[in-house]
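What follows is a set of notes on a single structure, which appears directly below.
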Amino acid sequence: IGPAKAFGWGSISQLRQPISPTAGMIWLLAASLLIGSAVMVLIGARSWWYLALPGVLISQLLIVQAWSDAKAGTLANIIIAVPLLLLTLDARPGSFRTRFGHDSAALLARPVRPSPIVTDADIAGLPPLMQRYLRRVGAVGRPPVRNMRVMLDAEMRQDSTSPWMRSTIRQYEFFDPPARLFT
């Protein structure tokens with residue numbers, strides 16, 4: 001309601017202190033950043049915090065300046081700041097997410113030694129069903145798989161009565177030397 005009072009868009013009796021047009025523009029900026037971050041959350045954009053963080057900081061600075069009229073906005077900023085704090089903790093160097101990203105990048109950057117093409121002689125000792133499968137998927141005549149990435153969208157729940165929780169799963173498999181990363 002800061003911009004509404006600053007620009008005379010309506011009679012705002014809740015705000016007793018005058019708001020300059022400059023302050024009104026800054027209030028409008030904070031509101032735009034916070035609304036933009038809310039839209040990004042709704043559409044599932046992971047970078048929502050790029051807008052939320054400056055929005056909360058600007059908003060709280062304005063609230064402090066107009067404390068007697070705007071102090072209730074601090075509660076809203078705290079509610080938004082909690083997930084921002086959790087993201088900050090998740091981005092620290094020792095967090096699981098950061099270690100996963102660092103480890104997967106390091107393993108993907110390793111040089112891959114050249115290997116011979118898979119031949120019928122290579123799979124001759126396998127059961128007939130496995131031989132047929134490897135031929136069907138095109139493994140014969142190509143180099144063997146060195147690593148792979150699996151991405152899954154999943155739903156899981158704690159027990160049969162709990163609501164379903166959506167999840168995205170990333171898994172990297174490296175075969176030489178062996179390593180598995182999962183998040």
Side-chain angles (χ1 to χ4, degrees), residues 1-110 148-172 179-183:
I1 60 176
K5 178 155 185 162
F7 300 118
W9 294 339
S11 175
I12 312 293
S13 61
Q14 298 91 337
L15 299 179
R16 294 178 301 272
Q17 295 178 344
I19 298 176
S20 71
T22 303
M25 286 300 293
I26 297 171
W27 275 108
L28 192 58
L29 172 64
S32 298
L33 289 168
L34 293 171
I35 290 168
S37 69
V39 169
M40 291 176 77
V41 167
L42 289 174
I43 64 172
R46 290 180 169 249
S47 56
W48 65 270
W49 65 273
Y50 288 129
L51 297 179
L53 182 61
V56 166
L57 294 175
I58 293 168
S59 171
Q60 194 59 42
L61 285 172
L62 291 166
I63 288 169
V64 168
Q65 291 176 356
W67 185 255
S68 62
D69 288 341
K71 60 186 166 210
T74 298
L75 180 60
N77 283 341
I78 289 171
I79 291 169
I80 298 167
V82 168
L84 286 171
L85 176 63
L86 293 174
L87 280 172
T88 302
L89 291 173
D90 201 29
R92 71 189 193 289
S95 75
F96 180 79
R97 183 181 307 274
T98 302
R99 288 182 30 224
F100 177 85
H102 178 267
D103 292 348
S104 59
L107 288 167
L108 287 167
R110 289 188 312 195
M148 66 181 194
R149 180 183 72 173
V150 177
M151 298 286 288
L152 298 170
D153 288 322
E155 289 185 344
M156 56 187 154
R157 56 187 182 176
Q158 289 181 308
D159 57 48
S160 62
T161 60
S162 297
W164 289 97
M165 299 176 289
R166 297 184 69 142
S167 175
T168 299
I169 298 167
R170 285 189 300 163
Q171 179 174 330
Y172 289 96
R180 175 181 292 152
L181 301 174
F182 180 89
T183 183

Work out which heavy atom in [X] is nearest to a heavy atom in [Y]; give both atom names and the distance.
X: Val56; Y: Asn77; answer: O-ND2, 3.9 Å
X: Leu34; Y: Ala52; answer: CD2-O, 3.9 Å
X: Phe182; Y: Phe96; answer: O-CZ, 3.3 Å
X: Ser37; Y: Trp48; answer: CB-O, 3.4 Å
X: Leu51; Y: Gly36; answer: CD1-C, 3.7 Å

Determine, step by step, whether Arg170 and Arg149 satisfy the side-chain contact (heavy atoms from CB on, under 4.5 Å) criterion, reporting the C-alpha distance in whole Å, the side-chain angles of both residues, the deciding distance to 0.1 Å, and the verdict. CA-CA 7 Å; Arg170 285 189 300 163; Arg149 180 183 72 173; 5.7 Å; no

Spell out, as yes or no, whether a donor-acceptor pair under 3.5 Å connects the side chain of Arg92 to the backbone of Leu89.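 Side chain of Arg92 to backbone of Leu89, a donor-acceptor pair under 3.5 Å: yes, one is there.
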
Does the Thr98 side chain pair with the main chain of Gly94, one donor and one acceptor, at a distance under 3.5 Å?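 Pair absent, no side-chain N/O of Thr98 close to backbone of Gly94.
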
Met40 side chain reached by Trp49 side chain, heavy atoms, under 4.5 Å: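 Trp49 does not reach Met40 side chain to side chain.
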
Say you draw a straight line from [atom1] of [X] to [atom2] of [Y]; how long is it, rounded to the nearest 0.5 Å?
X: Ser59; Y: Leu29; atom1: OG; atom2: CG; result: 10.5 Å
X: Arg99; Y: Leu181; atom1: CZ; atom2: CG; result: 10.0 Å
X: Asp103; Y: Thr183; atom1: CG; atom2: OG1; result: 11.5 Å
X: Leu53; Y: Thr88; atom1: CG; atom2: OG1; result: 7.0 Å
X: Leu87; Y: Ser95; atom1: CG; atom2: OG; result: 10.5 Å

Please step through side-chain contact (heavy atoms from CB on, under 4.5 Å) for the pair Thr74 and Trp67, ending with a clear verdict. CA-CA 9 Å; Thr74 298; Trp67 185 255; 3.3 Å; yes

Only pairs at least two apart or in different chains count here, so list each side-chain hydrogen bond (donor to acceptor under 3.5 Å, both in side chains) that has a residue in residues 151-164.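 Residue pairs with at least one partner in residues 151-164: Asp153-Thr168, Asp159-Thr161, Asp159-Ser162.
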
Partner residues of Tyr50 under the ring pair (Phe, Tyr, Trp, His ring centres under 6.0 Å) criterion, sequence neighbours left out: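 Per chain and number, Tyr50 pairs via ring pair (Phe, Tyr, Trp, His ring centres under 6.0 Å) with no residue.
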
Can you list the steps and then say if Ile63 with Trp27 is a side-chain contact (heavy atoms from CB on, under 4.5 Å)? CA-CA 9 Å; Ile63 288 169; Trp27 275 108; 3.8 Å; yes

Using a 6.0 Å cut-off, check whether atom CZ of Arg97 has over 12 heavy atoms from anything other than its own residue.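 Counting other residues, nucleotides and ligands, CZ of Arg97 stays at 12 neighbours or fewer.
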
In chain order, what residues pass the side chain to side chain contact (heavy atoms under 4.5 Å, CB included) check against Gln65, with sequence neighbours excluded?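 Testing Gln65 for side chain to side chain contact (heavy atoms under 4.5 Å, CB included), a comparison that skips the adjacent residues, returns Leu62.
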
